[in-house]
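Just below is one structure, and these are the notes that go with it.
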Amino acid sequence: MGSETPSMSSLASQICNHIASIFAKPTDPRPPPLDLMVTTLTSTAAQNGRVFLYGVGREGLMLKALCMRLSHLGISTHFVFDMTAPPITSNDLLVASAGPGGFSTVDALCSLARSHGATVLLLTAQPETGSCVKHASVVCYVPAQTMADDKGDGDGDGEEEKSRPLMPMGSVYEGALFVLFEMVVYKLGEALGQSPEAIRSRHTNLE
C-alpha cells in the first residue's frame with residue numbers, strides 16, 4: 001500500500017515548523033532581522049519620518065500586509081506606486097524585499113531612495129551576492145530558500161522519484177517574511193507604547 005496522505009494538521013505543522021526553523025539559523029555576523037527592523041522603524045518613527053514599502057510578487061503581498069499594520073501602529077506608511085504615495089525625503093525609510101538578491105525594479109527604487117537621502121532597509125536571503133545590497137543602508141538577512149536556490153528537484157534525498165516539495169520556489173522566504181513582520185509589529189507596538197485599543201481604533205471602517 002502507498003503511504004497515507006498527510007492530514008491537514010500534519011501539513012500545517014510541517015509548514016509552521018519549517019518556517020520556525022528559519023529563525024533558529026544564525027545570521028552572524030549580521031544582527032537578527034527582528035532587532036534590525038524594530039530598531040530602524042523605531043528610529044524613523046521618533047523622527048516623524050514616513051515608511052515606504054515595496055516588493056514584487058508574493059514578497060510584495062507580505063510587505064502590503066506589513067504596511068497596513070504599521071499604519072495601525074500610527075506610523076505614516078505608503079506602498080510604493082500607490083496613487084497617494086508622497087515624495088520620499090531624508091527623514092523617511094524605504095523597506096524593500098529582494099529575497100533572491102535583486103530585482104530590476106527593487107534595485108532601481110532602492111537606488112532612487114538613497115539618492116533622495118532616505119534610509120533603505122533591505123530584506124534578502126542573499127546578503128553577500130545580491131545586486132540590491134549595494135543600495136541598502138541596513139541589510140536584514142532572512143536565511144530562507146528563495147527562487148534563487150530552489151532547484152525544483154524535491155528533497156534531494158537521492159531517490160529515483162523525487163518527492164514534491166511542500167513549500168516550492170520562494171514559499172519558505174515569503175512565509176518567513178509574514179512571521180517576521182508579525183513579530184516586528186508586536187515588538188514595535190511595545191516600543192511605541194501602542195495599546196491594543198489604540199491600534200484597533202485605526203482600522204478602517206469602510207468595509
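Remember, predicted model here, so these are calculated numbers, not experimental data.
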Side-chain ([X]) to main-chain ([Y]) donor-acceptor, under 3.5 angstrom:
| X | Y | value |
| --- | --- | --- |
| Thr42 | Val38 | yes |
| Asn17 | Gln14 | no |
| Thr77 | Cys67 | yes |
| Asp149 | Thr146 | yes |
| Thr40 | Met37 | no |

Just wondering, do [Y] and [X] contact through their side chains at under 4.5 Å, heavy atoms?
| X | Y | value |
| --- | --- | --- |
| Val95 | Leu63 | yes |
| Leu180 | Leu123 | yes |
| Asn91 | Asn48 | no |
| Val179 | Phe23 | yes |
| Val172 | Ile22 | yes |
| Leu122 | Cys140 | no |
| Leu121 | Val139 | no |
| Arg114 | Ser137 | yes |

Just checking, is any N or O donor in the side chain of Tyr54 or Ser97 under 3.5 Å from an acceptor N or O on the other one? no
Are Ser76 and His78 linked by a side-chain donor-acceptor pair shorter than 3.5 Å? yes
Hey, could you give me the [atom1]/[atom2] distance between [X] and [Y], rounded to the nearest 0.5 Å?
| X | Y | atom1 | atom2 | result |
| --- | --- | --- | --- | --- |
| His18 | Ser13 | NE2 | OG | 14.5 Å |
| Thr105 | Phe81 | OG1 | CZ | 7.0 Å |
| Phe103 | Met147 | CZ | CE | 8.5 Å |
| Leu66 | Glu182 | CG | CD | 9.0 Å |
| Lys187 | Glu190 | NZ | CD | 5.5 Å |
| Leu73 | Leu41 | CG | CG | 9.5 Å |

Is there a chain of hydrophobic side chains (I, L, V, M, F, W, Y, each step under 4.5 Å between heavy atoms) that links [X] to [Y]?
| X | Y | answer |
| --- | --- | --- |
| Phe178 | Leu166 | yes |
| Tyr141 | Met183 | no |
| Ile19 | Leu61 | yes |
| Met68 | Ile199 | no |

Indicate the atoms forming the closest heavy-atom contact of Phe79 with Gly55, along with that distance. CZ-N, 3.9 Å
Taking every non-hydrogen atom, the tightest pair across Arg202 and His72: NH1-O, 2.7 Å
Does any pair with a residue in residues 52-70 pass salt bridge (Lys or Arg N to Asp or Glu O under 4.0 Å), and if so which ones, sequence neighbours excluded? Arg58-Glu174
Please collect all side-chain hydrogen bond (donor to acceptor under 3.5 Å, both in side chains) contacts where either partner lies in residues 19-38, sequence neighbours excluded, each pair once. Arg30-Glu128
By side chain to side chain donor-acceptor pair (under 3.5 Å) - contacts of Ser7 (at least two apart): Ser9
Evaluate the criterion side chain to side chain contact (heavy atoms under 4.5 Å, CB included) for residue pair Val120 and His135; output intermediate values, then yes/no. CA-CA 7 Å; Val120 173; His135 304 300; 5.6 Å; no
Using side chain to side chain contact (heavy atoms under 4.5 Å, CB included), reason through Thr124 and Val142 one step at a time and then give a plain yes or no. CA-CA 6 Å; Thr124 184; Val142 181; over 6 Å; no
Val51, Leu112, Leu94 screened by side chain to side chain contact (heavy atoms under 4.5 Å, CB included) with Ile88, the one that passes: Leu94
What do you reckon, is CE of Met167 surrounded by more than 12 foreign heavy atoms closer than 6.0 Å? yes
Stepwise, does the side chain to side chain contact (heavy atoms under 4.5 Å, CB included) test hold for Val106 with Cys110? CA-CA 6 Å; Val106 179; Cys110 289; 4.0 Å; yes
Among His116, Gln47, Arg50, whose side-chain hydrogen bond (donor to acceptor under 3.5 Å, both in side chains) with Asp92 holds? Arg50
